[in-house]
Amino acid sequence: MKIEQITLYRLRMNLRSPFETSFGRAVTRECILLEIASEGITGYGECVADADPGYSYETAGTAWHILRDFIAPVVLGQDLTGSDDFQQRVAFIRGHNMAKAGLEMALWDLAGKADGRSLRQLLGGIHDRVAVGVSVGIQASPEALVETVGGYLSQSYQRIKIKIKPGRDVAEAQAVRRAFPSTQLQVDANSAYTLETAQTLKPLDDLDLLLIEQPLDEDDLWDHSRLQPQFRTPLCLDESIVSLRHTRQALEMGACRIINIKAGRVGGLSQAVAIHDLCQARGIPVWCGGMLETGVGRAANLALASLPNFALPGDISATDRYYAEDITEQRFVLNNDSTISVPDAPGLGVTINRDALRRVTQERLTLER
Ligand code: NPQ
Ligand code: MG
């Protein structure tokens, strides 16, 4: 595919309700939409880096710079043969996985549209609907959290993830478990604890949680490997896993027993599939994490999550969990069995609502050879 033109759109979308994590309280989300023109076909990708470096060092700002100044120049005018070719061309760039993944997603969309095949088919997906859950932000009190969780359960979500941070953890999880004794429940600390303060999480081990996500530093494997033996509950790594190499090392040192896969965090869908395959070979279940994606990234997550070893419900919630308005014509809705159906049209299987895109675009840049 000869890449003729790349357009970057920096988007800012209003969240339907504030989303609080251990690294901050968001009321909007930024991201970059990539639009790539090749031989009469247009492909779309989403770079999930947010406005602030709370989850990762990447931001919409760093990704805009890396995409404009380093990635576009080695892609424009080139005849790319696919993701592996792309990854080799950008290997000179250290890090910046979310920037790389945004463009790589658009290449997959192009390839699917050129072949008339869905992304699920291209990636080797086997399910036409995937189990999903919901990620619930930190609330004003344990009672308010129970109320919010009850609301999602009444919408038919069957897996609940609650955000925690020091001082807002054990009491909250105990209150939810007491209110909903048999609901699939997990927690996500987004790196808010140290090996020492993580000792305060020991009571979580008695709540029959599915997992405890990323308790320690966002770039740590070793300390997680010292923490895991102290818990019966599986640790799950998110931020720490930025490559296939990290995955292998984490499994070899016993840093976790479950992996949260996000194509943006690991540099693209091809890396995400490779991590899925390694975990499958090692008997480690994975699930698809979420980055509050628009319908573009949400469609990619659904295709990825349809692969066989995505054994746990993902954070791919319905569109209306986050957004009253989205940039895709398609809105994703929750089926009554807590699944979301996987698009089966060519490529990502979504179309852009140009009016909605215009309303949320803060900045736009078109690049060509
Ligand atoms: C996680 N996602 O699994 C991330 C945290 C996250 C669904 O919990 C803007 C505002 C962007 C909040 C990206 C979920 C964000 C955000 C990621 C939270 O750790
Ligand atoms: Mg997480």
Side-chain angles (χ1 to χ4, degrees), residues 10-32 46-63 97-98 101-102 132-139 145 148-149 152 157 159-165 168-169 185-193 209-220 224 234-242 250 256 258-266 272 286-294 297-298 301-302 304-305 312-323 332 340 360:
R10 188 164 57 77
L11 312 185
R12 183 176 301 131
M13 300 180 42
N14 295 322
L15 294 174
R16 286 188 61 200
S17 58
F19 188 55
E20 184 173 346
T21 67
S22 65
F23 59 81
R25 183 174 184 275
V27 293
T28 61
R29 177 184 171 260
E30 286 197 16
C31 68
I32 296 174
E46 179 172 347
C47 167
V48 295
D50 186 37
D52 307 306
Y55 170 82
S56 143
Y57 67 82
E58 291 195 79
T59 64
T62 64
N97 280 353
M98 292 178 190
V132 302
V134 59
S135 179
V136 183
I138 293 171
Q139 303 294 310
L145 176 61
T148 303
V149 168
Y152 286 122
Y157 284 103
R159 189 275 271 145
I160 298 292
K161 161 168 142 177
I162 62 171
K163 293 293 184 177
I164 60 170
K165 68 178 184 182
R168 311 295 298 279
D169 46 33
L185 178 61
Q186 63 195 59
V187 300
D188 187 356
N190 289 109
S191 304
Y193 298 83
L209 302 180
L210 286 174
L211 56 93
I212 298 172
E213 188 176 349
Q214 197 72 35
L216 309 181
D217 292 290
E218 83 287 347
D219 61 352
D220 174 82
H224 281 101
L235 298 187
C236 170
L237 292 180
D238 174 352
E239 290 90 331
S240 296
I241 303 295
V242 295
C256 63
I258 299 172
I259 299 263
N260 164 334
I261 295 180
K262 296 176 179 177
R265 187 191 74 223
V266 300
V286 301
W287 57 284
C288 186
M291 295 290 283
L292 288 69
E293 289 89 348
T294 72
R298 198 162 299 278
N301 283 345
L302 288 165
L304 177 64
L312 293 164
D315 272 351
I316 313 167
S317 305
T319 300
D320 70 3
R321 186 264 176 265
Y322 294 112
Y323 302 115
F332 294 99
I340 295 181
V360 299

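By convention here, the first residue in the shown sequence is residue 1. One-based numbering, in listed order, for ligands and for the atoms of each.
The closest side-chain heavy-atom distance from Trp287 to Ile261 is not below 4.5 Å. With contacts defined as side-chain heavy-atom distances shorter than 4.5 Å, the pair Phe19/Ser135 qualifies.
The main-chain N or O of Ala49 is never found under 3.5 Å from a side-chain atom of Thr59 such that the two would form a donor-acceptor pair.
For Arg10, the side chain to side chain donor-acceptor pair (under 3.5 Å) criterion is met by Glu30, Glu363, not counting sequence neighbours. Take Glu218 and apply the side-chain contact (heavy atoms from CB on, under 4.5 Å) test, not counting sequence neighbours, and it matches Ser191, Glu239.
Once rounded to the nearest 0.5 Å, the distance linking CD of Gln214 with CG of Asp238 reads 6.0 Å.
Checked options Leu210, Leu211, Leu209; the residue passing with Glu213 is Leu211 (criterion: side-chain contact (heavy atoms from CB on, under 4.5 Å)). The side-chain contact (heavy atoms from CB on, under 4.5 Å) with Tyr323 is formed by just one residue from the set Val360, Leu15, Asn14; it is Leu15.
By the 4.0 Å N-to-carboxylate-O rule, Glu46 lies close enough to Arg29 to be salt-bridged with it.
With waters neither drawn nor counted, the protein N/O/S atoms under 2.8 Å from the Mg ion (ligand 2) amount to 3.
Residues with a heavy atom under 4.0 Å from ligand 1: Phe19, Phe23, Ala26, Asp50, Tyr55, Ser135, Lys161, Lys163, Asp188, Asn190, Glu213, Asp238, Lys262, Gly290, Met291, Leu292, Asp315, Tyr322.
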